[in-house]
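Below is one structure, written out as structure tokens, with a few remarks after it.
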There are 2 protein chains.
Amino acid sequence: MAGNYSVQRETIYQVLKSTKTHPSADWVYRRCRDVLPGIGLATVYRNLELLVEQGRAIKINVAQGKDRYDADVTPHFHTVCPICGKVSDCDTDGVIAKALDGECERRGYQGWSLIFTDVCPDCRSIKQIKISRSDQ
Amino acid sequence: MAGNYSVQRETIYQVLKSTKTHPSADWVYRRCRDVLPGIGLATVYRNLELLVEQGRAIKINVAQGKDRYDADVTPHFHTVCPICGKVSDCDTDGVIAKALDGECERRGYQGWSLIFTDVCPDCRSIKQIKISRSDQ
DNA sequence: GCAAAATTGAGAACAATTCTCATTTTATTT
DNA sequence: AAATAAAATGAGAATTGTTCTCAATTTTGC
């Protein structure tokens, strides 16, 4: 594997590793520009994709809007807020993850992706406000 | 709910109900045109979205490419082929589905979406050919 | 330090989906 | 069944997220 290093690539990986917000490519791009003002958006897309191929990151495909990336490659799953699209880690005892791994093993599947729908705390409170307003 | 009927809407729903292929909006559009040559693509998108809102269909968000729709709204999950993108139903004993429903109940989530990655039979055989070719 | 290979940045290109709006269809009222 | 109001349509423009192209630059291996 010749090459496989560049300032940009390393920066992108560090930015991704430094957050738990499951950011979009665009968010990573903006954060990278703080350090490397000249970095291009295509470079960010390219390298995020490469990190996924290398198994150093995962891509989370949410219903509407942009794909999200995560440098946490340990098996885990996510909740997505159906209102704002926010992605959060799902704290779990691991029983379900183990069951899914087992299912893959038995059936020869390559992997799984599990997403729960959950209105996030922020949207929950805004929803409350809306409900009480329309009640008046 | 005034209205809620149109020839187009009904046709779109019938087309979707008539297949197990988890089609894209575009595929539904082409099938509808056999019956209604003048139907517009936007109408198909609009109504598929409406069917989802009404709980008469689900939308399956696959990694790359177009969203897929399914008129089977009973809880079940899918495999997606990482090569050609084909979506198939996952025959299951229901244990996992029950576990996920239970998790939603306990945590107050609204729902779940589970997708397994599985190279489909077609792509599996093409892969074999490719492997044996590059072996020569 | 030099040549080959890999990577970059900029913007064009692309694909899927959504939006706009004048026209048509459907529902409601009389 | 005519008139009116409400809902939905088709066409194409617009938008969005992502990928592609390619000349210039950076990195690698000697």
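First the proteins, then the strands, lettered A, B, ... as listed; each starts at 1.
A cation-pi arrangement is absent between A:Arg107 and B:Phe116, since the terminal nitrogen or guanidinium carbon is not both under 6.0 Å from the aromatic centre and inside a 45° cone about the axis.
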One pair to check against salt bridge (charged side-chain N to carboxylate O under 4.0 Å, His left out): B:Arg124 and B:Asp118. What are the steps and the verdict? CA-CA 10 Å; B:Arg124 215 178 286 257; B:Asp118 183 33; 3.1 Å; yes
Quick one, A:Tyr29 with A:Arg33, criterion side-chain hydrogen bond (donor to acceptor under 3.5 Å, both in side chains). Give me CA distance, side-chain angles, the key distance, then yes/no. CA-CA 6 Å; A:Tyr29 168 59; A:Arg33 274 202 307 191; 3.3 Å; yes
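Rounded to whole Å, atom P of C:dT7 lies 11 Å from atom CD of A:Glu53. Between the OH atom of B:Tyr13 and the P atom of D:dA8 there is a distance of 17 Å, rounded to whole Å. A straight line from CG of A:Asp67 to P of C:dA15 spans 17 Å, rounded to a whole angstrom. For A:Tyr29 and D:dT18, the OH to C1' distance is 14 Å, given to the nearest whole Å. Atom C1' of nucleotide C:dA4 and atom CG of A:Asn4 are separated by 17 Å, given to the nearest angstrom. Atom CD1 in A:Ile60 sits roughly 17 Å away from atom P in D:dG17 (whole-Å rounding). Whole-Å rounding puts the B:Leu50 CG to D:dT9 C1' distance at 14 Å. Rounded to an integer number of Å, the gap from B:Tyr5 OH to C:dT28 C1' is 18 Å.
Residue A:Gln8 places at least one side-chain N or O under 4.0 Å from the OP1 or OP2 atom of C:dG9. Taking only side-chain nitrogens and oxygens, A:Ser6 never comes nearer than 4.0 Å to OP1 or OP2 of C:dT7.
Both A:Ile12 and A:Leu36 are members of a single hydrophobic cluster when ILVMFWY side chains are connected at heavy-atom separations under 4.5 Å.
Checking B:Glu49 against B:Val7, the closest nucleotide of DNA chain C that is more toward the 5' end is the one next to B:Glu49.
Closest to the side chain of B:Lys66, out of C:dT26, D:dT28, C:dT17, is C:dT17.
Between A:Glu49 and A:Arg46, no side-chain nitrogen of the basic residue sits less than 4.0 Å from a carboxylate oxygen of the acidic one, so the salt-bridge criterion is not met.
Note on B:Asp26: nothing from the nucleic acid sits closer than 4.0 angstrom, heavy atoms only.
If you check residues 32-48 of chain B against DNA chain D, the residues with a heavy atom closer than 4.0 Å are B:Gly38, B:Ile39, B:Gly40, B:Ala42, B:Thr43, B:Arg46, B:Asn47, listed by number.
Side chain of A:Arg68 to main chain of A:Ser24: no donor-acceptor pair is present (N/O by atom type, distance under 3.5 Å, no hydrogens or angles).
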Less than 3.5 Å apart, which donor and acceptor atoms pair up between the side chains of residues 74-81 of chain B and the rest of the protein, not counting sequence neighbours?
| residue | atom | partner | partner atom | Å |
| --- | --- | --- | --- | --- |
| B:Thr74 | OG1 | B:Asp72 | OD1 | 2.6 |
| B:His76 | ND1 | B:Thr74 | O | 2.5 |
| B:His76 | NE2 | B:Asp70 | OD2 | 3.2 |
| B:His76 | NE2 | B:His78 | NE2 | 3.0 |
| B:His76 | NE2 | B:Asp89 | OD1 | 3.2 |
| B:His78 | NE2 | B:His22 | NE2 | 3.4 |
| B:His78 | NE2 | B:Asp70 | OD2 | 3.4 |
| B:His78 | NE2 | B:Asp89 | OD1 | 3.3 |

